[in-house]
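To start, the structure itself, in structure tokens.
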Amino acid sequence: MSKVLAQLLEELGSGRLRVVDLTQPLSPQTPLLPLPPQFNNTPAFKIWELSHYDERGPAWYWNGFETGEHTGTHFDAPIHWVSGKDLPDNSVDRISPRKFIGPACVIDISVEAARDPNYLLTPERIRRWEDEHGRIPVGAWVLLRTDWSKRKDPKDYINATENGPHTPGLTKESSALLAQERDVLGIGVETVGTDAGQAFTFDPPFPNHYLMHGSGKFGLASLCNLDQLPAAGAVVVAAPLKIVGGSGSPLRVFAVTP
Ligand code: 23J
Ligand code: MN
């Protein structure tokens, strides 16, 4: 075995490296992105029992399930957005598995988001992170820590008023910087989608989706446990289901961290 792989297993075994689950539970109660009512919305997760060691299957338990591609903790592929529709290898089944693993850069805006639920990450805030931790490397996952996943009541998590949801996100200048000048794998967030709650009112609408996916970058939504990661030094593994032509998929996301 290669020396690094042997050392990886050794350090996982000894506890010098830890695996942190960044995935929220997937159930019919999982909160959903509320799009304006003129649009189709993603369906809730559904699950039904096929047998439970009974007459329907005496020695086995299993379920069927049905879900939206963008329900719960999920991956966004470039084909999800009109700006990425003609890019090569833009659906989940065609993405190289090499891109399912990359270093994590965790930008903590939890203080700003607690003060202002509509807070948007600025390029200045990104540059401040880089002054402290070094330049965001090519192929990194930029994870936006907002502590939003600690809002356990779906009402507080979605945080909607009569004019729509109020949740933090990125300015379009930040999305452009990360996609075009840093060549990241993508952006991961704790909120229900990778755009801010009010982003349907922005120009262009949902600018993070528009800019990221237009540059062939990915998204991860509804992450948790970002508070257990260092600002730099962890590695994220995020491998979506191989749905043929799929625009995204629910998935298990984890980080390996010192
Ligand atoms: C469709 C339209 C707007 C948004 C989204 C999907 C998502 O957040 C998503 O899950 O990709 S904001
Ligand atoms: Mn999505």
Side-chain angles (χ1 to χ4, degrees), residues 22-24 26 30-45 66-85 87 90-93 95 99-100 113 117-121 141-144 146 148-149 151 154 157-161 163-172 174-176 178-179 184-224 236 238-243 245-253:
L22 307 184
T23 319
Q24 307 240 33
L26 186 57
T30 297
L32 306 172
L33 172 80
L35 283 180
Q38 66 268 33
F39 303 122
N40 255 342
N41 273 271
T42 194
F45 184 77
E66 193 178 302
T67 183
E69 292 175 329
H70 300 257
T71 293
T73 300
H74 72 271
F75 185 102
D76 290 341
I79 200 174
H80 179 41
W81 220 255
V82 62
S83 52
K85 73 182 177 61
L87 294 177
N90 54 359
S91 56
V92 281
D93 56 313
I95 297 170
K99 296 190 169 180
F100 297 157
N118 296 309
Y119 178 80
L120 304 176
L121 177 73
W141 274 110
V142 172
L143 305 180
L144 206 53
T146 55
W148 221 254
S149 62
R151 295 179 170 228
Y157 184 67
I158 300 300
N159 203 34
T161 64
N163 59 3
H166 297 271
T167 57
L170 298 87
T171 61
K172 65 179 168 190
S174 292
S175 301
L178 294 173
V184 298
L185 276 179
I187 175 100
V189 299
E190 292 184 56
T191 47
V192 78
T194 61
D195 262 290
Q198 288 290 298
F200 68 96
T201 69
F202 296 176
D203 180 27
F206 309 108
N208 185 69
H209 280 78
Y210 191 90
L211 291 161
M212 282 284 156
H213 302 326
S215 296
K217 311 306 183 195
F218 312 138
L220 289 171
S222 296
L223 299 175
C224 61
V236 170
L241 297 179
K242 205 164 185 169
I243 301 170
S247 78
S249 102
L251 80 172
R252 197 72 178 252
V253 185

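Values reported hereafter were calculated over all heavy atoms of this structure, with side chains retained and with hydrogens, waters and symmetry mates removed. Note that ligands are numbered from 1 as they come in the structure, with each ligand's atoms numbered from 1 the same way. We number each residue from 1, following the sequence as shown.
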Query raised in the report: Can you list the atoms of ligand 1 that are under 4.0 Å from a heavy atom of Asp76?
Result: 11 (O)
Query raised in the report: Near Phe45 CZ, under 6.0 Å, is it more than 12 heavy atoms from other residues, nucleotides or ligands?
Result: yes
Report summary line: Nearest non-hydrogen protein atom to atom 10 (O) of ligand 1, with distance, is His74 NE2, 3.0 Å
Report summary line: Among non-hydrogen protein atoms, atom 4 (C) of ligand 1 lies closest to Leu33 CD2, 3.5 Å
Query raised in the report: Within a strict 4.5 Å, meaning less than it, do heavy atoms of the His213 and Asp76 side chains meet?
Result: yes
Query raised in the report: For ligand 1, does Thr42 get within less than 4.0 Å through its side chain, its backbone, both, or neither, judged by non-hydrogen atoms?
Result: neither
Query raised in the report: Should one rank Phe200, Phe39, Phe206, Trp81 by closest heavy-atom distance to atom 1 (C) of ligand 1, which comes out on top?
Result: Trp81
Query raised in the report: What atom name does the N, O or S atom of Asp76 nearest to the Mn ion (ligand 2) carry?
Result: OD1
Report summary line: For Gly193, the ligand 1 atoms with a heavy-atom partner under 4.0 Å come out as 8 (O)
Query raised in the report: Does Asn40 CG have over 12 foreign heavy atoms under 6.0 Å away?
Result: no
**Report entry** For atom 7 (C) of ligand 1, the protein heavy atom that lies nearest, with its residue and separation
**Finding:** His209 NE2, 3.3 Å
Requested in this report: Give a yes/no on ligand 1: does Phe75 have at least one heavy atom closer than 4.0 angstrom to it?
Outcome: no
**Report entry** Closest contact, heavy atoms only, Ile187 versus Trp141
**Finding:** N-CZ3, 3.6 Å
Query - Contacting atoms of ligand 1, where contact means under 4.0 angstrom from a heavy atom of His70 - result: 9 (C), 10 (O), 11 (O)
Query raised in the report: Among protein heavy atoms, which sits nearest to atom 6 (C) of ligand 1, and what does the distance come to when rounded to 0.1 Å?
Result: His80 NE2, 3.4 Å
Query raised in the report: Between Thr42 and Thr71, does any side-chain donor sit less than 3.5 Å from a side-chain acceptor?
Result: yes
Query raised in the report: Looking only at heavy atoms, what is the nearest atom pair of Ala238 and Val253, with distance?
Result: CB-CG1, 4.1 Å
Query raised in the report: For the residue pair Asp93 and Gly245, what are the closest heavy atoms and their distance?
Result: OD1-N, 3.0 Å
Report summary line: Counting from 1 in the order shown, the ligand 1 atoms closer than 4.0 Å to a non-hydrogen atom of Leu35 are 1 (C), 2 (C), 3 (C)
Query raised in the report: Are side-chain N/O atoms of Thr167 and Asn159 paired as donor and acceptor at under 3.5 Å?
Result: no
**Report entry** Three-point angle His74:NE2, the Mn ion (ligand 2), His70:ND1, rounded to the nearest 10°
**Finding:** 100°
Query raised in the report: Tyr157 and Glu190: which non-hydrogen atoms are nearest, and at how many Å?
Result: OH-O, 2.7 Å
